[in-house]
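Here is the structure we will look at, set down as structure tokens.
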Amino acid sequence: MIWIEIARFGKKLVEQGLTGSRFGNISVLTEDGIAITRTGSMLDEIDEEMVVLVERDRGCADDSIASCETPVHRAIYRRTDARAVIHTHSPYAVALSLLEDVVVPIDSEGIAFLGEMPVVDGPFGSEKLASAVSEALMNHRACIARGHGVFARGDDLRDAYITASMAEHSSKIRYLVVWGRGSPKD
């Protein structure tokens with residue numbers, strides 16, 4: 001029952017301030033397709049009805065009730081070896097995406113385990129965003145959609161959660177150090 005795992009990590013995302021309850025989405029690649037949160041789900045209140053199964057390789061009828069980011073998740077699974085994807089609207093990562101084109105961690109954990117996070121463009125749920133995110137995640141663990149949020153991939157939900165958490169932590173440290181005293185050009 002994959003929805004229980006999705007619910008567990010949805011609650012953790014909100015509790016840790018990695019996203020607001022009504023923002024973001026979670027998916028897991030299964031043998032039968034992609035289990036993904038429904039549009040409008042509150043991530044800290046997910047139940048069995050809030051997770052739907054969609055086709056892995058093409059659109060399907062349940063896309064209409066699945067997260068609007070389903071095309072992005074689908075593209076990630078097509079182009080990477082990800083088994084789970086978490087999308088957050090993490091505040092520091094979103095802020096940095098409006099200031100920088102690549103977020104380069106300066107904290108030791110971010111440097112060692114995360115690496116740089118490309119900032120990509122495209123309207124949410126669009127094929128343009130799906131292409132940009134999936135391209136970025138071919139060589140990175142996380143990327144940030146400009147003004148929108150983090151997409152983190154993993155071997156499982158725990159791995160994707162750790163990556164999403166590191167992305168926000170590294171973004172916060174970078175923001176406070178680099179931008180906290182004003183523009184780097186000041």
Side-chain angles (χ1 to χ4, degrees), residues 6 9-27 36-37 41-44 67-73 75-77 79-80 82 84-126 128-185:
I6 290 173
F9 284 99
K11 190 171 186 177
K12 288 173 71 79
L13 289 168
V14 175
E15 286 174 351
Q16 295 302 311
L18 299 177
T19 200
S21 180
R22 297 273 296 165
F23 301 107
N25 37 73
I26 303 170
S27 72
I36 190 166
T37 50
S41 295
M42 291 199 287
L43 293 184
D44 55 346
S67 167
C68 67
E69 297 290 7
T70 297
V72 179
H73 289 250
I76 294 166
Y77 291 124
R79 298 181 75 184
T80 75
V85 174
I86 291 178
H87 169 52
T88 67
H89 291 214
S90 303
Y92 284 94
V94 170
L96 279 182
S97 77
L98 297 169
L99 299 167
E100 301 179 353
D101 292 327
V102 176
V103 175
V104 181
I106 59 175
D107 61 299
S108 57
E109 291 83 7
I111 293 168
F113 300 111
L114 184 60
E116 68 180 28
M117 295 178 285
V119 175
V120 301
D121 292 295
F124 61 86
S126 69
K128 180 178 180 182
L129 186 61
S131 178
V133 169
S134 61
E135 173 91 14
L137 293 184
M138 289 173 70
N139 297 308
H140 300 89
R141 295 182 66 190
C143 70
I144 309 169
R146 193 176 312 278
H148 184 53
V150 171
F151 283 89
R153 67 176 175 92
D155 295 332
D156 54 28
L157 279 175
R158 181 180 182 277
D159 189 33
Y161 172 80
I162 290 168
T163 299
S165 181
M166 277 196 301
E168 179 63 356
H169 177 77
S170 291
S171 294
K172 182 177 183 177
I173 298 301
R174 181 171 180 83
Y175 181 85
L176 292 172
V177 171
V178 175
W179 294 91
R181 24 175 211 251
S183 169
K185 297 172 188 155

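Keep in mind that the numbers below use all heavy atoms, side chains included, and drop hydrogens, waters and symmetry copies.
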So, taking the atom named [atom1] in [X] and the one named [atom2] in [Y], what distance separates them when rounded to the nearest 0.5 Å?
X: F151; Y: I86; atom1: CZ; atom2: CD1; value: 12.0 Å
X: E15; Y: S21; atom1: CD; atom2: OG; value: 11.0 Å
X: L13; Y: S90; atom1: CG; atom2: OG; value: 8.0 Å
X: L43; Y: N25; atom1: CG; atom2: CG; value: 7.5 Å

Of all the heavy-atom pairs spanning [X] and [Y], show the shortest one and how long it is.
X: I144; Y: S97; value: CG2-CB, 3.5 Å
X: V102; Y: V119; value: N-CG2, 4.1 Å
X: A164; Y: T88; value: CB-CG2, 4.3 Å
X: L114; Y: A142; value: CD1-CB, 4.2 Å
X: I76; Y: A82; value: CG2-CB, 4.0 Å
X: M117; Y: A167; value: SD-CB, 3.5 Å

Can you sort out the partners of [X] under side-chain hydrogen bond (donor to acceptor under 3.5 Å, both in side chains), two or more places apart, ordered by chain and number?
X: R141; value: D159, T163
X: H89; value: H87
X: S27; value: H73, Y77
X: R79; value: S134, E135

Practice task
Decide side-chain contact (heavy atoms from CB on, under 4.5 Å) for L137 and C143; before the verdict, give the C-alpha distance in whole Å, the side-chain angles of both, and the deciding distance to 0.1 Å.
Solution key: CA-CA 7 Å; L137 293 184; C143 70; 4.1 Å; yes

Practice task
Kindly state each residue pair satisfying ring pair (Phe, Tyr, Trp, His ring centres under 6.0 Å) with at least one member in residues 102-126, sequence neighbours excluded.
Solution key: F124-H148

Exercise for the section: With side-chain contact (heavy atoms from CB on, under 4.5 Å) as the test, would you mind laying out the steps for I26 and Y161 before giving the verdict? Expected result: CA-CA 10 Å; I26 303 170; Y161 172 80; over 6 Å; no

Report yes if some heavy atom in the side chain of [X] is under 4.5 Å from a heavy atom in the side chain of [Y]; otherwise report no.
X: P118; Y: H140; answer: yes
X: F9; Y: R158; answer: yes
X: S165; Y: L18; answer: yes

Problem - Pairwise salt bridge (Lys or Arg N to Asp or Glu O under 4.0 Å) hits with a residue in residues 104-126, at least two apart - result: D121-R146

Practice task
For residues 164-176, pull every pair meeting salt bridge (Lys or Arg N to Asp or Glu O under 4.0 Å), keeping only residues two or more places apart or in separate chains.
Solution key: E100-R174

Exercise for the section: Please confirm whether the backbone N or O of S67 pairs with a side-chain atom of T70, one donor and one acceptor, at under 3.5 Å? Expected result: yes

